[in-house]
Amino acid sequence: MKYYSLLAVSALTYLGASITGQNSIAQQKPAKGFDVTAESFADIQLLRYQVPGFNQLSLQQKKLAYYLSEAGLSGRDIIYDQRGKYNLLIRKTIENIYATYKGDRKAAEWVKFKDYCGRFWFSNGNHHHYGNEKLIPEHSFAYFTRLVKNSDIKGFPVNKGESADAFLARIKPVIFDPSFQPKMVDLSPDTDNIVASSNNFYEGVTQKEVEDFYAKFNTDGNAPSWGLNSKLVKENGKIVEKTWKVGGMYGAALEKIVYWLEKAVTVSENAQQKEALQKLIKYYRSGDLKDFDDYSVAWVADTASRIDATNGFIEVYNDAIGKRGSFESVVSLKDLESTKRIQAIASRAQWFEDNSPLLPEHKKKEVKGITAKAITVISEAGDAAPSTPIGINLPNADWIRKEHGSKSVSLSNIVHSYNIVSSKGGVLDEFAYGDDVKARIRTYGSLSSDLHTDMHECIGHASGQINPGVETTDKTLKNYASALEEARADLVALYFILDPKLVEIGVMPNLEVGKAEYDSYMMNGLITQLTRIKPGSNLEEAHMRNRQLNAMWVYEKGKKDNVVEMIKVNGKTYTRINDYNKLRELFGQLLREIQRVKSEGDYESGKNLIETYGVKVDQQLLKEVSERYAKLDVKAYKGFIQPKLVPVMKGSEITDIKVTYPVSFYDQMMEYGKKYAFLPVMN
């Protein structure tokens, strides 16, 4: 599971105390003169992050980080193809135009084309990275025709003997027709979510056919996550899986990934890490999900390595019914100082489980092996970039988490870059109500956000258990599984962030930190996150649904006691919390209910929660929020240009690895397009 940042109000200058009594991310301050901000376009602001501590690594560790980073980038084509069958066709087309167009590059129409390129690359395809709606260029098809005809025709992905006009006719609906594949993930109720979604996980099959196909698989005990690494298609009337493996679908890219993983094996830090990498290679070659589970168990057991990586088909948010895993990679080194805070929470996971408001039968009697740490990200790829999480908890398989434990990480240098840029945005002054709330968030907002992330990942996702005999959530909760799981993990964090236990164990100085998180969360869940959607839209993305569900449910249930108010001052809407302790009780009640839904596989109750509280948007409020936000000139979405690892060579030997920090997102995307393009346009 991945945890994404709230809007800017909850990520402000870091002034809170840590378990050491000092700023726990002090080591993450950028070098003097380092500019965190880079290019911006449309609704997107590109940022940069540094990799402090890299220069102090041994040459062996640097090589390991380099090889793992190359392995991640080698899978870049995969995420594009997973997010849409035509994405590689579009990407190679716009890359060729961007590289070879001979016309005026200062014209207004060119700027619109450039914006489309940026949005496409940022979203890893032709659908918005967050809202899932199709991206349509703001320039005309007539202008696009001029772009194509004034670029190198040999560089386009044309079919054999295909003319430029025929190529344009073929690609026109793919790019310009809003009714052609309009949504990457469609979670609408009472519809066929498989047929309605435009991702490339299924072809020629209905949702019922998919569910019937997997109903035949054995899901008892330690069964794998069936469907995680394949595309399901109908061929000659028969439903078959096209497995993603070396020699199978995506084979060319996976061969490159394996090539770099094999190099990583030679410089692994210890025997446990070596074993995990070897098992990952075996899995990529076999495509057998039992091999993936073997790798996941070995990866969880490796707690000693300083360098670590996730690499694989992991998160299922891009699949409407939560089966197919999107390719992602995050390479990191342990942030030793910031790790102290998250470890203080993880080491007491059993206390949190025992003292949670869950029904007794839904609590774990023994919480196994949560390995928690803060990491310094070295590179990200696939579904983890350019838009990146701020927290990760893996593996996702419930049985592995129960029997072997999990790893929970906070991405400290990513959070630091967010904090720097967010402190300058003006969102807090515009949307927070009352000087006391603003002062509290300024003082404790960053610490409260960090603690929320820590608890969401390391005790949130690790908490609770499914009742014996109940299937996994992809079968029971279906298209609502992801949003409900994220809501559940958020609620664990929200319930405990106002608990004196956190003061007792030294991770926060007082309960004002918890109040700051409540202020930020309610403001975001009910108001500020609306800036991320268009007029007339409702909420589709799982994290947005979960936040509104949690905030709206407690708001509605607390109306009788006036726990939270939506007030209007001078035409502006604000949230005001009148009773923080009662709000905590309400968060606990909702947590208990969502855990019951998960534990019992209660689809109808889960659907009712999401559809009643997590989807519908007050369009007048949306209009107001959009207008207020527009005056701030703050972009709704942020993502990152990746650092570049450059080997220093002496002959054929690597003598060092240097980290450089590119400043142009466009240049990086063009470089990646040349260096890491291994798949054909149709797969």
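None of the values given here were measured: they were computed from a predicted structure.
- With sequence neighbours excluded, the residues forming a side chain to side chain donor-acceptor pair (under 3.5 Å) with Ser379 are Ser69, listed by chain and number.
- Sorted by first then second residue, the salt bridge (charged side-chain N to carboxylate O under 4.0 Å, His left out) pairs that include residues 56-69, not counting sequence neighbours, are Lys62-Asp656.
- Classified by interplanar angle (parallel below 30°, tilted 30° to 60°, perpendicular above 60°), the ring pair His543/Tyr317 is tilted.
- For Glu471, there are no salt bridge (charged side-chain N to carboxylate O under 4.0 Å, His left out) partners at least two apart in sequence or on another chain.
- Evaluation of the side chain to side chain donor-acceptor pair (under 3.5 Å) rule for Ser123 yields no partner, not counting sequence neighbours.
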Which donor-acceptor pairs under 3.5 Å do the side chains of residues 270-281 make with protein atoms, sequence neighbours left out?
{"unit_1": "Asn270", "atom_1": "OD1", "unit_2": "Gln272", "atom_2": "N", "d": "3.2"}
{"unit_1": "Asn270", "atom_1": "OD1", "unit_2": "Gln273", "atom_2": "N", "d": "2.7"}
{"unit_1": "Asn270", "atom_1": "ND2", "unit_2": "Ser305", "atom_2": "OG", "d": "3.0"}
{"unit_1": "Gln272", "atom_1": "NE2", "unit_2": "Ala298", "atom_2": "O", "d": "3.1"}
{"unit_1": "Gln273", "atom_1": "OE1", "unit_2": "Glu269", "atom_2": "N", "d": "2.7"}
{"unit_1": "Gln273", "atom_1": "NE2", "unit_2": "Ser305", "atom_2": "OG", "d": "3.4"}
{"unit_1": "Gln273", "atom_1": "NE2", "unit_2": "Ile307", "atom_2": "O", "d": "2.8"}

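- Shown here is Lys475, whose NZ atom has more than 12 heavy atoms of other residues, nucleotides or ligands within 6.0 Å.
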*side-chain hydrogen bond (donor to acceptor under 3.5 Å, both in side chains) between Asn199 and Ser197: does it pass, once the steps are laid out?*
CA-CA 6 Å; Asn199 54 50; Ser197 297; 4.5 Å; no
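- For Asn124, there are no side chain to side chain donor-acceptor pair (under 3.5 Å) partners, not counting sequence neighbours.
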For residues 239-252, which side-chain N or O atoms pair as donor and acceptor with protein atoms under 3.5 Å away, sequence neighbours left out?
{"unit_1": "Glu241", "atom_1": "OE2", "unit_2": "Tyr214", "atom_2": "OH", "d": "2.6"}
{"unit_1": "Glu241", "atom_1": "OE2", "unit_2": "Ser230", "atom_2": "OG", "d": "3.0"}
{"unit_1": "Tyr250", "atom_1": "OH", "unit_2": "Asp81", "atom_2": "OD2", "d": "2.7"}

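- A salt bridge is defined here as a Lys NZ or Arg NE, NH1 or NH2 lying under 4.0 Å from an Asp or Glu carboxylate O, and Lys282 with Asp294 fails to meet this definition.
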All N/O donor-acceptor pairs, side-chain side in residues 674-682, below 3.5 Å, sequence neighbours left out:
{"unit_1": "Tyr676", "atom_1": "OH", "unit_2": "Glu70", "atom_2": "OE1", "d": "3.1"}
{"unit_1": "Tyr676", "atom_1": "OH", "unit_2": "Glu70", "atom_2": "OE2", "d": "2.9"}

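- Taking the salt bridge (charged side-chain N to carboxylate O under 4.0 Å, His left out) definition, one finds that Lys92 meets it with nothing, sequence neighbours left out.
- Between Ile390 and Tyr418 there is a side-chain heavy-atom pair separated by less than 4.5 Å.
- Between Phe640 and Tyr49, the ring-plane angle classifies as perpendicular under the 30° and 60° cut-offs.
- Judged by distance alone, the side chains of Asp490 and His456 do bring a donor and an acceptor atom under 3.5 Å apart.
- No close placement of the Tyr672 and Trp121 rings is indicated, their centers lying 6.0 Å or farther apart.
- Dense packing is recorded around NZ of Lys234, with more than 12 heavy atoms of other residues, nucleotides or ligands lying under 6.0 Å away.
- Glu315 and Ser326 share no side-chain donor-acceptor pair at under 3.5 Å.
- Taking Lys290 as the reference, nothing meets the salt bridge (charged side-chain N to carboxylate O under 4.0 Å, His left out) condition, with sequence neighbours excluded.
- Taking the side chain to side chain donor-acceptor pair (under 3.5 Å) definition, one finds that Lys373 meets it with Asp308, sequence neighbours left out.
- Classification of the His129-Phe122 ring pair by plane angle, with boundaries at 30° and 60°, yields perpendicular.
- Contact check for Leu57 versus Arg306: side-chain heavy atoms found under the 4.5 Å cut-off.
- Salt bridge present: Glu540 and Lys183 bring a charged side-chain N and a carboxylate O closer than 4.0 Å.
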Can you give the donor-acceptor pairs under 3.5 Å from side chains of residues 201-208 to other protein atoms, not counting sequence neighbours?
{"unit_1": "Tyr202", "atom_1": "OH", "unit_2": "Asp319", "atom_2": "OD1", "d": "3.4"}
{"unit_1": "Tyr202", "atom_1": "OH", "unit_2": "Asp319", "atom_2": "OD2", "d": "2.7"}
{"unit_1": "Tyr202", "atom_1": "OH", "unit_2": "Arg324", "atom_2": "NH1", "d": "3.3"}
{"unit_1": "Glu203", "atom_1": "OE1", "unit_2": "Lys231", "atom_2": "NZ", "d": "2.7"}
{"unit_1": "Glu203", "atom_1": "OE2", "unit_2": "Lys85", "atom_2": "NZ", "d": "2.8"}
{"unit_1": "Thr206", "atom_1": "OG1", "unit_2": "Glu209", "atom_2": "N", "d": "3.1"}
{"unit_1": "Thr206", "atom_1": "OG1", "unit_2": "Glu209", "atom_2": "OE1", "d": "3.4"}
{"unit_1": "Gln207", "atom_1": "OE1", "unit_2": "Asn193", "atom_2": "N", "d": "2.8"}
{"unit_1": "Gln207", "atom_1": "NE2", "unit_2": "Glu211", "atom_2": "OE2", "d": "3.1"}
{"unit_1": "Lys208", "atom_1": "NZ", "unit_2": "Asp212", "atom_2": "OD2", "d": "2.7"}

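- Ring pair Tyr86/Tyr80: centre-to-centre distance not below 6.0 Å.
- In summary, Glu485 and Arg488 engage in a salt bridge, as defined by a charged side-chain N under 4.0 Å from a carboxylate O.
- For Tyr283 and Phe292, the distance between ring centers is under 6.0 angstrom.
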